[in-house]
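Report on the following structure.
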Amino acid sequence: MKTKTMLNSTSSTSSYFVLEAYLPVGNLRYLFFMLTAVIYVFILISNVLLIVVICMNRSLHEPMYVFLCSLFVNELYGSTGLFPLLLLQILSDVHTVPRPLCFLQIFCLYTYVNVEFCNLAVMSYDRYLAICCPLQYNTRMTVNKAVTFIIVLWFYSLVKFLVTLWLNIRLPLCGNVLDSLYCHNFLVVKLACSDTTVNNIYGLFGVVLTVLVPLLLILFSYTEILKVCFSGSKQTRQKAVSTCTPHLVSLLNFSFGCCFEILRSRFDMSSVSTELQIILSLYFLIIQPLLSPIMFGMQMSKIRQTYKRLFCSKVTTVSAHENQ
């Protein structure tokens, strides 16, 4: 407690932040490091493999797979914003982060969340057009339009959080202790010594644009899809289930993780055990990039067939040459 008080009295010129949520685990840190490293490597390999599969096969150069490719790129981006620093902190005895690196992590993680929600929203709109307007789909959703959507949502997310970053950097801070495993925008704002009205208003506006608007588009899309499913043929229902299930699972999983983190950072969660808080605070940053390639890769038949053709055929060819 004494250490925390001393750190919180640090002047606004402090060049580092302290991440206070790390628990003393002794030699177990090496086990946690190995598990975290394995998860990170799996995320990298699985997402990169699916990006390669989509890019190398011309039959997958369709709007739906363009959106999936953007989703997998974003999973790599978000994971890289979290895992390298997380791995370093697990092995460290002093959990400090240089101020510039902390703000960089905030920028990466928050743009990741924004891109994820927007990407899932345009994917739901794409499924709405494919299921509810199949005859007009090829004219209303082309590859060029899909690429335009992707460029706009990435550009919008980056610019939006550049403004957030600028608003945060200019704040004089009365402390440098963050009750988190990673740098968190709201926790930094709470340390401010000056008026944060502008930050709070822009933050609320940002949450509406980041979460509420995409969710409204998703709600509209799935309402229309359900109407078609209830009134359509068995084949239409099967198509809707096969293409929408991974998207819905991914959306619900990500929304749950984000909602918990918003509640944890803004309200008193003392009734929840520290260990559970730590696990759930990392949930949307770890499980989402881990789950997405599995869900979409296993569910989409074209991706499975292309993967088998690209990689299994090469293995067979190599084995045949070795036998000769």
Side-chain angles (χ1 to χ4, degrees), residues 7 10-22 33 36-37 39-41 43-44 47-48 70-92 94-119 153-192 194 196 198-200 202-203 206-207 209-210 254 257-258 261-262 264-265 278 281-286 288-289:
L7 288 167
T10 306
S11 69
S12 61
T13 58
S14 175
S15 61
Y16 63 89
F17 288 101
V18 178
L19 302 177
E20 197 188 35
Y22 286 89
F33 177 85
T36 306
I39 291 172
Y40 184 40
V41 170
I43 289 172
L44 291 178
N47 282 281
V48 168
S70 171
L71 192 73
F72 299 144
V73 169
N74 191 47
E75 310 296 8
L76 293 173
Y77 170 68
S79 299
T80 303
L82 172 71
F83 277 96
L85 187 57
L86 181 64
L87 289 167
L88 184 63
Q89 293 296 326
I90 289 173
L91 291 180
S92 177
V94 181
H95 306 294
T96 59
V97 183
R99 187 170 173 139
L101 184 58
C102 193
F103 281 119
L104 178 61
Q105 186 178 50
I106 288 173
F107 177 76
C108 290
L109 296 184
Y110 276 70
T111 50
Y112 159 72
V113 171
N114 197 93
V115 170
E116 193 80 2
F117 268 119
C118 291
N119 212 127
L153 71 88
W154 274 88
F155 180 76
Y156 155 72
S157 300
L158 294 173
V159 171
K160 178 169 172 284
F161 283 102
L162 275 174
V163 176
T164 301
L165 198 63
W166 176 77
L167 289 173
N168 288 348
I169 289 174
R170 70 185 183 85
L171 288 174
L173 305 179
C174 291
N176 63 347
V177 176
L178 304 177
D179 185 20
S180 179
L181 296 176
Y182 50 88
C183 294
H184 197 295
N185 178 62
F186 183 74
L187 297 181
V188 170
V189 174
K190 283 173 68 176
L191 295 175
S194 62
T196 60
V198 174
N199 298 71
N200 293 334
Y202 185 80
V207 169
L209 289 179
T210 301
F254 190 66
C258 288
E261 182 56 19
I262 291 171
R264 190 194 72 85
S265 61
I278 290 173
S281 71
L282 292 170
Y283 183 88
F284 74 107
L285 294 171
I286 293 180
Q288 184 70 6

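The structure presented is a predicted model; accordingly, all values stated were derived computationally and were not measured.
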Any side-chain heavy-atom pair of [X] and [Y] under 4.5 Å:
{"X": "Cys108", "Y": "Thr80", "value": "no"}
{"X": "Tyr112", "Y": "Glu75", "value": "yes"}
{"X": "Lys160", "Y": "Val163", "value": "no"}
{"X": "Phe117", "Y": "Cys258", "value": "yes"}
{"X": "Gln105", "Y": "Leu101", "value": "no"}
{"X": "Phe17", "Y": "Pro98", "value": "no"}

Measure the spacing between [atom1] of [X] and [atom2] of [Y] and express it to the nearest 0.5 Å.
{"X": "Leu86", "Y": "Leu82", "atom1": "CG", "atom2": "CG", "value": "5.0 Å"}
{"X": "Glu20", "Y": "Leu187", "atom1": "CD", "atom2": "CG", "value": "10.5 Å"}
{"X": "Ile286", "Y": "Thr36", "atom1": "CD1", "atom2": "OG1", "value": "6.5 Å"}
{"X": "Leu165", "Y": "Arg170", "atom1": "CG", "atom2": "CZ", "value": "12.0 Å"}
{"X": "Leu44", "Y": "Ser79", "atom1": "CG", "atom2": "OG", "value": "7.0 Å"}
{"X": "Trp154", "Y": "Asn114", "atom1": "CH2", "atom2": "CG", "value": "10.5 Å"}

Test side chain to side chain contact (heavy atoms under 4.5 Å, CB included) on Leu173 and Arg99; report intermediate values, then the result. CA-CA 11 Å; Leu173 305 179; Arg99 187 170 173 139; 4.1 Å; yes

Quickly, which of Leu171, Val177, Leu178 forms a side chain to side chain contact (heavy atoms under 4.5 Å, CB included) with Leu191? Name it, please. Leu178

Quickly, which of Leu19, Val18, Leu88, Leu104 forms a side chain to side chain contact (heavy atoms under 4.5 Å, CB included) with Val97? Name it, please. Leu19

So does [Y] get a backbone contact from the side chain of [X], meaning a donor-acceptor N/O pair under 3.5 Å?
{"X": "Asn74", "Y": "Ser70", "result": "no"}
{"X": "Asn199", "Y": "Leu167", "result": "yes"}
{"X": "Gln89", "Y": "Thr96", "result": "yes"}

Test side chain to side chain contact (heavy atoms under 4.5 Å, CB included) on Cys183 and Val188 and set out the steps. CA-CA 8 Å; Cys183 294; Val188 170; 5.7 Å; no

Please state whether the rings of [X] and [Y] are parallel, tilted or perpendicular, taking 30° and 60° as the class boundaries.
{"X": "His184", "Y": "Tyr182", "result": "parallel"}
{"X": "His95", "Y": "Tyr22", "result": "parallel"}
{"X": "Phe83", "Y": "Tyr40", "result": "parallel"}

Given Val113 and Phe284, is the side chain to side chain contact (heavy atoms under 4.5 Å, CB included) satisfied, shown in steps? CA-CA 9 Å; Val113 171; Phe284 74 107; 3.6 Å; yes

Partner residues of Tyr77 under the side chain to side chain donor-acceptor pair (under 3.5 Å) criterion, sequence neighbours left out: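 Checked Tyr77 against side chain to side chain donor-acceptor pair (under 3.5 Å); matches are Thr111.
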
What closest approach, in Å, do Leu71 and Asn119 show between heavy atoms, and which atom pair accounts for it? N-OD1, 3.5 Å

Search all heavy atoms of Leu109 against all heavy atoms of Gly78 and return the closest pair with its distance. CD2-O, 3.8 Å

Sequence-distant partners of Cys118, disulfide bond (SG atoms under 2.5 Å apart), two or more places apart: none

Would you say the rings of Phe107 and Phe161 are close, in the sense that their centroids are separated by under 6.0 Å?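 No, ring centres 6.0 Å or more apart.
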
Start with the C-alpha distance between Val73 and Val115, add both sets of side-chain angles, then the distance that settles side chain to side chain contact (heavy atoms under 4.5 Å, CB included), and finish with yes or no. CA-CA 10 Å; Val73 169; Val115 170; over 6 Å; no

